[in-house]
Structure formats: structure tokens, C-alpha cells
Amino acid sequence: MPTLTALRRRVTAVWGRLPLRIRLVAGFAAAMLLVLTAAGAFVYLRVQYALDLSLNQDLAAQAAQLRAGATTSADLHGDPLLPHGQYYQLLDTGNRVLASAPGLSGTSLLRPGELRTALRAPLHEDRGALLPISDRPLRILAVPLHPGAAPATGPAVALVAVRRDQRDEALRELIGQLALAQLAALTVASLVGYRLARAALVPVERYRTQAAQIAGGATGVRLPVPPESHDEVARLGRTLNDMLTALETALERERRFVADASHELRNPLTLLSAELELALRRTRSTTELEEVVRRAAADTQDLINLADTLLRAGTPADPARRADTSIDVTELLTTLTNRYRPTTDRPLHLQVAPGLLVHGNAAALGQILTNLLDNAVRHGGGPITVRVDTVDGAVRVVVHDDGPGIDPGFLPYATERFTRADTARTTPGAGLGLALVDTIVRGYGGQLLICSKTQHTTR
């Protein structure tokens with residue numbers, strides 16, 4: 001026999017395989033069933049209360065008449081104490097029938113426990129079920145004739161009863177009508193709910209079809225979102241379209257990156273292969289072979305440097321590798337500028353306040369400053385000024401020179417990988433310096449500002 005957990009899992013699995021519209025309609029129908037059942041129960045109880053109240057009023061009048069007759073008549077077996085057609089019994093403390101209406105002269109209508117209650121206070125009881133239909137349904141009212149201390153002999157309890165046929169018939173008809181009305185309302189609500197759910201999920205099905213086409217390799221496909229629609233499904237479609245645009249842009253950028261990287265790697269590899277092939281065409285002296293090996297080693301080192309730069313430019317900064325160590329920016333910049341002074345005959349000025357500290361990775365920050373200084377040395381002109389100050393609690397590094405600068409129209413593309421201005425194509429490099437700087441700066445939550453001829457661009 002399956003356990004409760006296994007049964008619950010089986011039900012969950014079956015429920016999960018049902019279409020979403022069926023689950024929505026089933027949930028809606030269940031909620032409607034609860035609401036309609038509660039409303040029907042409320043109506044039924046109110047009608048039952050009103051009918052029982054009317055019967056209780058009739059019983060109270062008959063009970064008062066029976067009590068008056070029982071206390072004034074000495075001959076209980078004489079004329080009937082109530083008019084013909086009314087049910088009554090007079091009971092003693094032993095639950096024996098002392099007087100009754102015709103047809104009720106046998107057994108008492110009260111049980112022993114009910115009699116004990118009736119000796120102290122009025123008691124209402126029903127005999128006969130509503131469903132299934134009873135032969136003689138009765139509503140009973142038993143009242144004590146001598147509240148407090150009942151006599152040892154003589155009548156102690158007056159019992160009156162009325163038939164509930166009309167009351168029960170009205171309640172049974174009400175139950176039937178409520179059941180039919182509930183079934184009709186539930187059917188209509190389920191059909192309407194199904195149509196509404198199907199209509200609401202039509203755009204989702206269209207999105208699924210379009211997504212299948214995109215998964216199959218289609219490009220430039222977008223989900224059809226009506227411009228006048230602003231519901232949840234429409235907002236989802238617009239968000240997915242934005243995501244598709246971002247994914248296609250990223251994919252195109254990566255494809256371009258791979259193509260550019262292949263192009264940049266092909267040239268030194270071709271040069272290295274050509275040098276080695278030339279060296280093997282004829283017998284060479286030891287000196288010539290050493291020269292070939294040195295050039296091959298230099299080309300290999302260039303390849304290693306290029307591959308390392310490609311990896312760093314193509315990989316976002318990893319937050320887990322950001323060492324939370326304090327770095328003295330003053331000391332770091334002083335070391336870097338002293339390293340660059342022998343490589344250029346242009347003045348190199350450093351303006352930095354002592355004791356500026358930042359938290360981060362010294363190698364990554366050194367890479368930023370190295371690339372900026374390298375660009376200024378290679379492509380700039382005039383004195384190079386490196387200035388470091390603080391702005392709103394953040395450290396700002398400014399590298400400035402008096403060279404011709406970048407073409408203002410090229411500024412928006414300056415940090416893209418493998419992009420180089422026309423004036424820089426005659427100098428060494430692969431167009432990855434600013435791209436690497438931008439990657440590291442954004443990885444640390446910073447901001448890169450590139451300026452040329454009063455034009456500025458922020459990354």
C-alpha cells in the first residue's frame with residue numbers, strides 16, 4: 001500500500017504534467033466550489049432557522065395550552081386536552097405516558113436523558129431524518145409542568161409535537177435548487193475561466209514558438225508584442241526582446257573578438273613559421289642559428305604577451321580575486337613613473353598626495369596605470385603629467401599629455417577590443433590596452449573617462 005508521501009508525490013507529478021490552462025481552470029473551479037458551497041450553506045441555514053422559528057412558535061402556543069389543560073383537568077383520560085390533529089403527551093417522572101393524543105398512547109417520544117433535561121427546562125428535539133425521507137417527521141417541545149421539584153405521581157412533563165413534512169419538503173427542494181444552481185454556476189464559471197485562460201496564454205504560446213525558432217538558429221527574431229498592450233505578458237515579451245537583443249549583441253561581440261584575435265595571432269605565427277622555414281632551407285652556422293632562435297623566442301614571447309592580454313581583456317574582473325589589501329597609490333605610481341622615465345625623453349611629472357590608500361589587487365591596479373602610461377608614451381606628445389587626488393571619497397587618477405589626442409569621433413569606440421585609431425596603426429600594439437583598462441575599472445565599480453579636444457566619453 002503506497003504511503004502518504006508517495007501518494008502526494010504521485011499526485012504532484014500528475015498535476016505537474018497537466019497543461020497550465022487546465023491547472024488554472026481547476027484551481028478557479030475549486031475556489032468557486034468553496035465559495036458557492038459556503039453561500040449555499042448560509043442560505044440553507046437561514047431558511048432552516050426561519051422555518052424552525054415558525055414551528056417553535058406554534059409549539060410554544062400548544063405547550064401553553066396543554067399545560068393549562070393538564071393543571072385544570074383532573075380526568076386526564078377524558079376529552080382530548082388539545083384539538084384534533086395536534087400531537088401531545090403528558091409524562092411522569094418515570095417517562096410513562098399518562099395522557100396523549102390519539103396515535104401517541106404507546107411509548108414516550110422522549111429518551112431518558114431528554115426527559116431529565118425536560119424536567120428542568122424546555123427542550124426542543126426532532127424525530128425523523130430530513131434525508132432519507134422519514135415516515136413521520138416530528139418537531140417536539142417538552143416543557144416541565146412543575147419546574148424545580150416534580151411531584152412523585154401525576155404528570156411532570158408536557159410534550160407537544162408538530163409534523164415537519166412541509167418544512168422538510170421545503171428544505172429538500174431548497175437543497176435541490178441550490179445544487180442545480182451551484183452546478184450551473186460552476187459549469188459556466190469553468191467555461192469562462194477556460195476561455196479566459198486560453199486567451200491569456202495565446203501570447204505565451206506565440207513566444208514559445210518564436211523561442212523555438214531562435215533555439216533552432218534563427219537570428220534577428222523578436223517576440224510579437226502589441227505596442228498598445230501593457231499587461232504582465234506584454235511586459236514579459238518586451239523584457240525577453242531586450243534580453244535577446246543583449247544576447248545577440250554579446251554574441252556578435254564575441255564572434256568579432258574571436259575573429260580579431262585569430263587575425264592578431266595569425267601574423268606573429270606566420271612570421272615565426274616563415275623564420276623557422278628559412279632557417280631550415282640551408283645549413284647555417286651556430287651564430288646564425290642562435291640569432292634565429294633569439295628572434296623565435298622574441299616572437300614567442302610576443303605571442304605569450306598577446307594571449308595573456310586577450311585572456312585578461314576577455315574575462316571580467318572576478319570579485320573573488322579582488323584582494324581586500326590596502327594599496328599605497330603614492331608608492332605604486334612613484335614606482336611606475338620611475339620605471340617609465342628611462343623609456344622616454346619627454347618630461348614625466350607626478351603630482352600625488354602622500355598616504356592615498358585604496359583597497360584592491362595591486363597587480364590589477366598596476367595594469368591600469370601601466371596601460372595608461374604606455375598609451376601616453378607611445379601616442380602622446382609633450383610633457384606627461386600623472387595627477388592623483390580624491391573626489392567624493394574616491395581616488396581619481398588622471399594621465400594627461402599635450403599630444404594630438406584621439407579623433408573625437410573615435411572616442412565612443414576607444415575601449416572596444418582590437419579597435420585602433422588611424423593615427424595609431426603605425427605603432428606597435430593590438431588595440432587591447434584601453435579595453436583591458438575598461439574591463440578592470442568596471443570590474444571594480446569604477447569609471448573610465450577619456451577626453452580629447454574638449455570631447456569626453458564616459459565608460
Visitor: Please report the closest heavy-atom contact between Leu159 and Leu66, naming both atoms and the distance.
Guide: O-CD2, 3.5 Å

Visitor: Holding to salt bridge (Lys or Arg N to Asp or Glu O under 4.0 Å), I want the full list of residues that pass it with Arg163, two or more places apart in sequence or in another chain.
Guide: Asp165

Visitor: Who passes side-chain hydrogen bond (donor to acceptor under 3.5 Å, both in side chains) against Ser54, sequence neighbours left out?
Guide: none

Visitor: Run the salt bridge (Lys or Arg N to Asp or Glu O under 4.0 Å) test against Arg387 and tell me which residues pass, sequence neighbours left out.
Guide: none

Visitor: Measuring from atom CG of Leu130 to atom CZ of Arg172, what distance do you get when rounded to the nearest 0.5 angstrom?
Guide: 5.5 Å

Visitor: Output the distance between atom CZ (Arg46) and atom CG (Leu51), rounded to the nearest 0.5 Å.
Guide: 11.5 Å

Visitor: Could you tell me which residues satisfy side-chain hydrogen bond (donor to acceptor under 3.5 Å, both in side chains) with Ser134, sequence neighbours excluded, listed by chain and number?
Guide: none

Visitor: What is the minimum heavy-atom distance between Tyr44 and Leu174, and which atoms define it?
Guide: CA-CD2, 3.9 Å

Visitor: Evaluate the side-chain contact (heavy atoms from CB on, under 4.5 Å) criterion for residues Leu34 and Thr37: first the C-alpha distance (whole Å), next the side-chain angles of each, then the deciding distance (0.1 Å), finally the verdict.
Guide: CA-CA 5 Å; Leu34 290 176; Thr37 301; 5.8 Å; no

Visitor: Using modelled atom types and a 3.5 Å cut-off, is there a donor and acceptor pairing between side-chain atoms of Asn95 and backbone atoms of Leu110?
Guide: yes

Visitor: In terms of heavy-atom contacts, does CZ of Arg127 have more than 12 from other residues, nucleotides or ligands at under 6.0 Å?
Guide: yes

Visitor: I need the minimum non-hydrogen distance between Val225 and Tyr207, along with the two atoms involved.
Guide: CG2-OH, 3.5 Å

Visitor: So does Gln166 have more than 12 non-hydrogen atoms from other groups sitting under 6.0 Å from CD?
Guide: no

Visitor: Check whether any side-chain heavy atom of Gln48 sits under 4.5 Å from a side-chain heavy atom of Arg167, and report yes or no.
Guide: yes

Visitor: Compare every heavy atom of Leu186 with every heavy atom of Leu33, then report the nearest pair and how far apart it is.
Guide: N-CD1, 4.0 Å

Visitor: If every non-hydrogen atom of Gln89 is compared with every non-hydrogen atom of Thr107, which pair is closest and at what distance?
Guide: NE2-O, 3.2 Å

Visitor: Leu82 versus Gln65: any side-chain heavy-atom pair under 4.5 Å?
Guide: yes

Visitor: Please enumerate all residues that pass side-chain hydrogen bond (donor to acceptor under 3.5 Å, both in side chains) together with Arg235, with sequence neighbours excluded.
Guide: none

Visitor: Using the test salt bridge (Lys or Arg N to Asp or Glu O under 4.0 Å), find all partners of Arg164 that sit at least two apart in sequence or belong to another chain.
Guide: Asp126, Asp168

